[in-house]
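Worksheet for the structure shown next.
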Amino acid sequence: MPYAGNPAGPYDGGQDVGYGSNQDYYGTPDAYPPPQPPAQRKAEPEPGSEWEEGQEDESHPFFTGDDDSDGADGERDEPGSDRRGNGRDRRVRTKKKSHNGFACLFMSVVLVGGVGGVGYVGYQFLQDKFGAPPDFVGEGSGSVQVEIPQGAGGYEIASILVKSGVVKSQGAFVAAQRQNPKGNSIQAGVYTLSKGMSAAQAVKTMLSPASHNALIIPEGKRNVWVYEQMDKRLELKKGSTAAVAKAQAKNLGLPSWAKGSKDIKDPLEGFLFPASYPVAKGMKPEAILKKMVARAAAEYSKVDLEAEADKLGLKSPLEVITVASLVQAEGKYKHDFDKVARVVYNRLEPDNTETVGRLEFDSTVNYIKAQSTLDIGAVDNLRKLKDPYNTYDIKGLPPGPIGNPGAEALQSALDPAPGPWYYFVSITEDKTLFAETNEEHERNRAEYLKESQKETPKR
């Protein structure tokens with residue numbers, strides 16, 4: 001089967017050589033003469049063609065097919081045939097056709113094997129035989145945006161570029177991609193290119209980050225940040241994407257279990273999965289948001305979240321994502337995520353004497369105030385802030401996620417480390433101290449303050 005996007009050629013859409021004609025060259029009276037008496041038979045040369053005159057140089061069984069000792073591929077005698085007469089003629093004709101069959105097979109292997117050594121050798125053979133494929137010259141002119149879908153290969157990318165007027169032919173682009181050492185690194189996304197580019201220039205430009213209009217959502221980023229970035233890239237008025245998200249939230253593909261309480265500030269929070277997405281001027285915010293939500297739904301569906309929630313003592317899959325978002329926000333380093341998740345679950349226990357069911361996480365206050373700071377004020381003042389997301393005031397989890405957790409944070413939320421901890425503080429990148437009591441935690445905080453006040457060594 002030809003590769004998708006390849007123009008049909010004589011070997012994948014036209015007549016088969018030697019077999020596609022309706023004319024029977026053996027359907028004449030002379031084709032099957034009656035057998036002659038043995039005394040009258042003469043040794044006659046087998047019928048041949050100009051190509052067969054040079055067969056002395058092609059006596060290897062690979063070319064002749066003589067290695068089939070059992071008469072395979074049509075050389076068996078048909079029932080009732082005369083081995084000394086008609087049967088022999090038929091064997092000769094069948095063998096003659098095998099040359100055509102081998103030629104078709106060889107060319108098919110060359111053309112169809114497009115992504116390996118055979119394809120490359122075949123392409124080189126055709127290029128040497130018929131010349132290089134059509135190509136533009138130079139860097140092109142104008143501007144055009146091209147979207148490359150996830151999983152697209154060389155020929156599919158080339159087809160998209162040809163349709164957009166960027167390159168002249170698929171063959172030229174595929175050849176240029178193979179000749180570039182990083183050619184296979186072209187990723188999915190939206191690219192800003194010129195029309196009429198040489199294939200080599202197109203490959204080079206697509207490998208440059210400057211041409212790749214991708215929005216990368218880092219793990220833990222809140223939706224408000226994503227909306228702002230989309231407005232900038234789409235060249236929309238500030239707040240446009242947020243307004244679309246609010247108005248279209250029910251139509252963007254959220255899982256059925258994502259519906260929480262009326263206190264949720266943003267139904268899409270936790271569902272704009274951290275990854276790379278094509279975002280470029282002219283695209284619709286709702287279309288992009290749908291892709292982000294679809295990616296989150298796909299990632300979350302890899303686990304039976306309802307069953308896992310039940311095992312963890314949580315009310316719903318949405319609470320699992322909420323815990324994951326807290327782990328992402330509070331856990332400074334990924335290697336601490338498992339222990340941080342345990343702290344969350346320990347604090348959620350209503351009978352704990354340390355926090356009496358309150359999480360008391362600074363990250364939730366920062367979420368309320370749309371800020372990111374370590375100095376959020378005195379605890380007594382924080383308890384006065386009346387908001388369903390204020391874990392210094394409420395007991396239990398906030399109504400929904402406070403950011404978009406990554407895969408590691410989710411895994412830690414599902415499988416927390418065993419331990420008795422209620423507190424933690426990160427001293428350095430390699431050192432996070434966990435504590436069971438507030439007294440122990442205060443000693444750890446003192447060490448943290450001492451470490452943070454050290455001057456940066458001069459170089």
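Between Gln170 and Phe173 there is no side-chain heavy-atom pair separated by less than 4.5 Å. Two residues are said to be in side-chain contact when any heavy atoms from C-beta on lie closer than 4.5 Å; Leu326 and Phe361 meet this criterion. Counting only heavy atoms from C-beta outward, the side chains of Ile216 and Ser276 approach each other to under 4.5 Å.
One finds a salt bridge joining Arg445 and Glu442 here, because a Lys/Arg side-chain nitrogen approaches an Asp/Glu carboxylate oxygen to under 4.0 Å. Look at Arg358 and Glu360 and you find a salt bridge, because one of the NZ, NE, NH1 or NH2 atoms lies within 4.0 Å of a carboxylate O, short of that distance. Between Glu447 and Lys450 there is no salt bridge, since none of the side-chain N atoms of the basic residue sits less than 4.0 Å from a carboxylate O of the acidic one. In summary, Lys431 and Glu451 do not engage in a salt bridge, as defined by a charged side-chain N under 4.0 Å from a carboxylate O. Under a 4.0 Å N-O distance rule, the pair Lys265/Asp387 qualifies as a salt bridge.
Residues satisfying the ring-ring contact (aromatic ring centres under 6.0 Å, His included) test with Trp421, not counting sequence neighbours, are Phe434. Residues that satisfy the ring-ring contact (aromatic ring centres under 6.0 Å, His included) test with Phe136, not counting sequence neighbours, are absent from this structure.
Among pairs with a residue in residues 241-271, those fulfilling ring pair (Phe, Tyr, Trp, His ring centres under 6.0 Å) read Trp257-Phe271, Phe271-Tyr300, at least two apart in sequence or across chains. Pairs passing the side-chain hydrogen bond (donor to acceptor under 3.5 Å, both in side chains) check and including a residue from residues 315-333, sequence neighbours excluded, read Glu330-Ser363. Listed by first then second residue, pairs satisfying salt bridge (charged side-chain N to carboxylate O under 4.0 Å, His left out) with a partner in residues 393-404 read Lys386-Asp393, not counting sequence neighbours. Applying the salt bridge (charged side-chain N to carboxylate O under 4.0 Å, His left out) rule to pairs touching residues 221-236 yields Glu235-Lys281, sequence neighbours excluded.
Between the Ser194 side chain and the Met197 main chain, no donor and acceptor come within less than 3.5 Å of each other.
Distance check, rounded to the nearest 0.5 Å: OH of Tyr389 to CD1 of Ile394 gives 9.5 Å. Once rounded to the nearest 0.5 Å, the distance linking CZ of Arg443 with CG of Leu433 reads 11.0 Å.
Nearest approach of Tyr191 to Asn213, heavy atoms of both residues: C-ND2, 4.2 Å. Considering every non-hydrogen atom in both Ala152 and Glu156, the closest pair reads CA-OE1, 3.6 Å.
For the residue pair Asn352 / Glu349, no side-chain donor-acceptor distance below 3.5 Å is found, with atom types taken as modelled.
When Asn404, Ile402, Leu289, Thr241 are each tested for a side-chain contact (heavy atoms from CB on, under 4.5 Å) with Asn223, only one passes: Asn404.
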